[in-house]
Chemist: 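This structure is in structure tokens; I'll ask about it shortly.
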Amino acid sequence: MFKAELLYNIGKYDKSIEELKIGNSEHDKIGLVCNYVKLKKFDKAKRILDSIPDYTFNTFIYANFYETIGKKNEALKIYRTIQKDKDINHFVYYKLAVKRIKELKKQNPILLKSVYYETGRPDFEVCDADNKNRTKVIELVRELPEVKDKFEKNAGISILEAPKNNGKNYYWVNFYETNSLIFKTEYDFFIYQKTFEIKYYDKKNKKIMSLEEWRKTL
């Protein structure tokens with residue numbers, strides 16, 4: 001993903017696509033959309049967009065896409081939907097959506113010529129709230145023996161949900177390690193907001209276990 005982002009930023013879109021096609025995450029797919037838009041292969045970009053879940057960030061990308069093909073009204077409609085969701089106003093794409101609304105409401109707006117590329121830079125703040133706790137839960141997961149031993153170049157940790165947006169009392173943190181094209185190690189953890197207690201989440205069976213219970217299954 002890092003290599004693909006570098007290639008995108010220096011204009012080597014075909015090579016960036018080659019890197020992103022190795023993966024199958026939503027980040028990879030959105031990266032493909034960004035590259036295909038730069039190459040003006042809008043049909044390919046649209047097919048990928050249609051295949052990913054309708055999350056808020058993904059709809060923001062969809063709005064960007066509509067701008068690039070000149071459909072201002074469709075883009076504006078999506079941006080306004082995002083603007084109404086005050087629970088996400090701490091995310092960077094919320095503020096970007098509000099800026100796009102202001103631009104598109106002008107008599108002669110300047111439409112986007114590219115789609116927002118979601119950077120993987122660790123120093124980039126995705127949101128302006130709860131950063132201290134988010135950093136702490138990432139570090140707690142990183143230090144787990146089962147994660148620390150596997151944390152290599154093909155591994156990553158991300159927060160899928162936080163109390164700010166799920167209305168619950170925990171952070172849902174996902175760890176993955178891709179060892180090959182067909183094998184993937186993936187763990188999900190719930191880290192509770194007040195105590196920072198870590199529990200394992202069995203996503204398949206929708207079961208929450210203590211770390212001790214989980215370790216007995218390994």
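Along the sequence shown, residues are numbered consecutively beginning with 1.
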Chemist: Any ion pair linking K46 and D50 (charged N to carboxylate O, less than 4.0 Å)?
Modeler: yes

Chemist: Spell out, yes or no, whether L104 and I61 are grouped together once hydrophobic residues are joined by side-chain heavy atoms under 4.5 Å, including indirect joins.
Modeler: yes

Chemist: Check E103 against P109 and note the closest heavy-atom contact, atom names and distance.
Modeler: O-CB, 3.1 Å

Chemist: Looking only at non-hydrogen atoms, find the nearest pair between L32 and L20 and report the distance.
Modeler: N-CD1, 3.6 Å

Chemist: Could you grab the distance from atom CG of D202 to atom OG1 of T217, nearest 0.5 Å is fine?
Modeler: 8.0 Å

Chemist: Would you compute the distance between atom CD1 of I48 and atom CG of D28 and round it to the nearest 0.5 angstrom?
Modeler: 10.5 Å

Chemist: Search all heavy atoms of A97 against all heavy atoms of F60 and return the closest pair with its distance.
Modeler: N-CE1, 3.8 Å

Chemist: Per the ring-ring contact (aromatic ring centres under 6.0 Å, His included) rule, what does the pair list look like for residues 5-53, sequence neighbours excluded?
Modeler: Y8-Y13, Y8-Y117

Chemist: Within the distance-only criterion (no hydrogens, no angle test), does the side chain of E5 pair as donor or acceptor with the backbone N or O of G120 below 3.5 angstrom?
Modeler: yes

Chemist: Output yes when R215 and E146 qualify as a salt bridge under the 4.0 Å nitrogen-oxygen rule, no when they do not.
Modeler: yes

Chemist: If I take atom CD from residue E19 and atom CG from residue N35, how far apart are they, to the nearest 0.5 angstrom?
Modeler: 11.0 Å

Chemist: Do the non-hydrogen side-chain atoms of Y171 and P163 ever get within less than 4.5 Å of each other?
Modeler: yes

Chemist: I'd like to know whether K206 forms a side chain to side chain contact (heavy atoms under 4.5 Å, CB included) with Y201, so could you lay out the CA-CA distance, the side-chain angles of the two residues, the decisive distance to 0.1 Å, and finally the verdict.
Modeler: CA-CA 7 Å; K206 296 183 178 180; Y201 177 52; 3.7 Å; yes

Chemist: Y93 versus E118: any side-chain heavy-atom pair under 4.5 Å?
Modeler: no

Chemist: Could you grab the distance from atom NZ of K168 to atom CZ of F190, nearest 0.5 Å is fine?
Modeler: 7.0 Å

Chemist: I'd like to know if the side chain of S158 and the backbone of L160 have a donor-acceptor N/O pair within less than 3.5 Å.
Modeler: no

Chemist: Return the CD1 to CD1 distance between I159 and I138, rounded to the nearest 0.5 Å.
Modeler: 4.5 Å

Chemist: Between CZ of R80 and CD1 of I82, what distance do you get to the nearest 0.5 Å?
Modeler: 12.5 Å

Chemist: Take Y94 and Q83 through the side chain to side chain contact (heavy atoms under 4.5 Å, CB included) test and state the conclusion after the steps.
Modeler: CA-CA 7 Å; Y94 179 92; Q83 185 184 36; 4.0 Å; yes

Chemist: Which heavy atom of N174 sits nearest a heavy atom of Y176, and at what distance?
Modeler: OD1-CD2, 3.9 Å

Chemist: Please tell me if the side chains of F65 and K71 come closer than 4.5 Å, counting only heavy atoms from C-beta onward.
Modeler: no

Chemist: Kindly give the heavy-atom pair with the smallest separation between I78 and T59, and that separation in Å.
Modeler: CG2-O, 3.2 Å

Chemist: For a side chain to side chain contact (heavy atoms under 4.5 Å, CB included) check, start with the C-alpha distance between T68 and L111, then their side-chain angles and the critical distance, and finish with the verdict.
Modeler: CA-CA 7 Å; T68 65; L111 300 182; over 6 Å; no

Chemist: Just checking, K136 and F196: is the charged tip under 6.0 Å from the six-membered ring centre and within 45° of the axis?
Modeler: yes

Chemist: If I compare all heavy atoms of K102 with all of K106, which pair ends up nearest, and what's the gap?
Modeler: O-CG, 3.6 Å

Chemist: Under the side chain to side chain contact (heavy atoms under 4.5 Å, CB included) criterion, do L6 and I10 qualify, and how do the steps go?
Modeler: CA-CA 6 Å; L6 287 175; I10 62 175; 5.9 Å; no

Chemist: Is there a side-chain contact between N24 and K29, using heavy atoms and a 4.5 Å cut-off?
Modeler: yes

Chemist: Below 4.5 Å, heavy atoms only, C-beta onward: do K105 and I101 meet side chain to side chain?
Modeler: yes

Chemist: Using a strict cut-off of less than 4.0 Å between a Lys/Arg side-chain nitrogen and an Asp/Glu carboxylate oxygen, indicate whether E18 and K15 qualify as a salt bridge.
Modeler: no

Chemist: Could you identify which residues cluster with I110, counting Ile, Leu, Val, Met, Phe, Trp and Tyr as linked when any side-chain heavy atoms lie under 4.5 Å apart, either directly or through a chain of such contacts?
Modeler: none

Chemist: What do the steps show when you test E213 against K199 for salt bridge (charged side-chain N to carboxylate O under 4.0 Å, His left out), and what is the final call?
Modeler: CA-CA 9 Å; E213 292 171 327; K199 292 191 176 181; over 6 Å; no

Chemist: Carefully, step by step, assess Q193 and N133 under the rule side chain to side chain donor-acceptor pair (under 3.5 Å).
Modeler: CA-CA 8 Å; Q193 187 177 21; N133 283 350; over 6 Å; no

Chemist: Report yes if some heavy atom in the side chain of Y62 is under 4.5 Å from a heavy atom in the side chain of N58; otherwise report no.
Modeler: no

Chemist: Do Y200 and Y187 have side chains that get closer than 4.5 Å, going by heavy atoms?
Modeler: yes

Chemist: Going only through I, L, V, M, F, W and Y residues with side-chain contacts under 4.5 Å, is there a path from F91 to F124?
Modeler: yes

Chemist: When clusters are formed by joining ILVMFWY residues with side-chain heavy atoms under 4.5 Å apart, either directly or through shared neighbours, do Y66 and F57 land in the same one?
Modeler: yes

Chemist: Looking at R100, K72, K77, which hits salt bridge (Lys or Arg N to Asp or Glu O under 4.0 Å) with E67?
Modeler: R100

Chemist: Could you check whether R121 pairs with D123 (Lys NZ or Arg NE/NH1/NH2 to Asp/Glu carboxylate O, under 4.0 Å)?
Modeler: yes

Chemist: Do W214 and F189 have ring centroids that are under 6.0 Å from one another?
Modeler: yes

Chemist: Do N205 side-chain atoms and K207 backbone N/O form a donor-acceptor pair below 3.5 Å?
Modeler: no

Chemist: Counting only N and O atoms by type, is there a donor-acceptor contact under 3.5 Å from the side chain of D85 to the main-chain atoms of T81?
Modeler: no

Chemist: Apply side chain to side chain donor-acceptor pair (under 3.5 Å) to residues Y79 and N64 and explain how you reach the verdict.
Modeler: CA-CA 9 Å; Y79 290 138; N64 284 184; 2.7 Å; yes

Chemist: Is there a side-chain contact between L39 and I17, using heavy atoms and a 4.5 Å cut-off?
Modeler: yes

Chemist: In terms of hydrophobic clustering (I, L, V, M, F, W, Y; side-chain heavy atoms under 4.5 Å; direct or indirect links), are V147 and L218 co-clustered?
Modeler: yes

